[in-house]
Amino acid sequence: MPAGEAPRILITRLSHIGDCILTLPLVSAIRRVYPQAFISWAVESPSQQLLGLHPGIDQLILIPRGWAKKPSCWPELVQQLRKPKFEIVIDPQGITKSAALGRLSGARRRIGIRGRWGRELSPYLNNQLVTTKSSHLVDRTLELLVALGEQGSFTGSGVEFGLPVCPISQVKIESFLSGQRLGDRFVVINPGASWASKRWETNRFAAVANHLFGQHAIQSVVTWAGAAEQGMAQQIHALAPAATVIADPTSLRDLAALCQTAKFFLGCDTGPLHIATAMGAPCVGLYGTTRPEESGAYGPQHIAVQKWYQSGTCRARRSAGNQAMLDIQVADVNAAVEQMIARLDSEPISQRRAS
């Protein structure tokens, strides 16, 4: 498709928060080549909170969770999908429900994935399949653009997440940091994860926070979402009271504003890690049931800590015990944060983001 045209494009990446963030470079790449395109995104809650900030997205279509088992919502959903008269659907999620939405949209061209990442019925519901060769989700998502023309025209300017800070959240976070007298010399620690098999123990996070404070006088802001994660944050603070501050309740937009200011981010492979990545924060990520080279923090500025990969199907890994995470020791993470601090301190002042 020649540059300069104005295609009507639907992206069907429904979940999860981290995967949606890692798909944002797709929007930025399309917008660079087709500035007049109409770009819509079909998504489940709560990722729309962040996607709604992206200047390259013209429309969000909020998809009810479990819609496939709720026939009563189908007529309205089909109407929403067909009203924009999409010409092209891009399905980077590669599962039945994401591909089915593309089919329901009525678009003639439905670009999907062939091979390992084209799962369930998606290869049969999409009609233009691309064999992706890259390991990381960001790169293999961008490979789908080869179906629209020369891939080089999309990726030649580099990978851009393009996610701005919400002005309201920025004011809120600035007020919080001022009240805590933190400035920009702090680390964000996020102990939660949607899968129990991805979590690291709170006492170990506390030990790392104490190390950061004792060795470098760096305090850590512990973030949380929901009652269970608030309990984790309170446990960490109880074990490291001088070294940590518990964050106020933060929306995804607030978290993005906080991460933009932090020296770096420390946490497991979950949505907040990828939000931090999109905001330009260097990350120390801990991995057990996922591979950092496939879905970790994107870019060479990040440090991955993994002792071994706890393999299995997605369902098996989700419900597994967190043995691989437990084999990551405090000393391993202390070594990683020391490496990160040394790296940041060695950067020329002109290249520093917020340190």
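Hydrogens, waters and symmetry mates are skipped; everything else that's a heavy atom, side chains included, is used. For this chain, numbers begin at 1 and follow the sequence in order.
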[X] (side chain) donor-acceptor with [Y] (main chain) under 3.5 angstrom:
X	Y	value
Q219	V245	no
D332	Q329	yes
W224	G192	no
R199	A193	yes
D254	S251	yes
W74	W67	yes
K70	R65	yes
D58	S40	no
Q48	L60	no
Q230	P249	no

Item to check | Any side-chain donor near an acceptor of the partner, Q235 and T202, under 3.5 Å | outcome: yes
Next on the checklist: For a quick check under 3.5 Å, do T96 and E120 share a side-chain donor-acceptor pair by atom type?
Outcome noted: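 There is such a pair between these side chains.
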Checklist entry - What is the minimum heavy-atom distance between V27 and H54, and which atoms define it? => result CG1-CE1, 3.7 Å
Linking I/L/V/M/F/W/Y whenever their side-chain heavy atoms sit closer than 4.5 Å, directly or via other members, would [X] and [Y] fall into one cluster?
X	Y	value
L177	M279	no
I341	V305	yes
M340	V208	yes
L53	L258	no
I21	L144	yes

Counting C-beta onward and ignoring hydrogens, is there a side-chain heavy-atom pair between [X] and [Y] closer than 4.5 Å?
X	Y	answer
R110	L125	no
P25	F161	yes
I328	V333	yes

Item to check | Verdict with supporting geometry, F186 and T261, side chain to side chain contact (heavy atoms under 4.5 Å, CB included) | outcome: CA-CA 8 Å; F186 68 92; T261 306; 3.9 Å; yes
Rounded at 0.5 Å granularity, tell me how far [atom1] in [X] sits from [atom2] in [Y].
X	Y	atom1	atom2	answer
I189	C268	CD1	SG	10.5 Å
I39	I88	CD1	CD1	10.5 Å
E174	S169	CD	OG	11.0 Å
D327	N322	CG	CG	9.5 Å
Q301	I303	CD	CD1	10.5 Å
L62	S47	CG	OG	10.0 Å

Item to check | R108, CZ: over 12 other non-hydrogen atoms inside 6.0 angstrom | outcome: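 No, the 6.0 Å shell around CZ holds no more than 12 heavy atoms from other groups.
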Checklist entry - How about I168: does its CD1 atom have over 12 heavy atoms from other parts shown lying under 6.0 Å from it? => result no
Item to check | Check against side chain to side chain contact (heavy atoms under 4.5 Å, CB included), Q310 and M325 | outcome: CA-CA 9 Å; Q310 195 164 334; M325 294 296 290; over 6 Å; no
Checklist entry - Does a salt bridge link R31 with E160, judged by any charged N lying under 4.0 Å from a carboxylate O? => result no
Next on the checklist: Between D269 and R291, does any side-chain N to carboxylate O distance fall below 4.0 Å?
Outcome noted: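 Between R291 and D269 there is no salt bridge, as every charged N stays at least 4.0 Å from the carboxylate O atoms.
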Item to check | Verdict with supporting geometry, Y309 and R317, side chain to side chain contact (heavy atoms under 4.5 Å, CB included) | outcome: CA-CA 10 Å; Y309 170 61; R317 288 181 290 114; 3.4 Å; yes
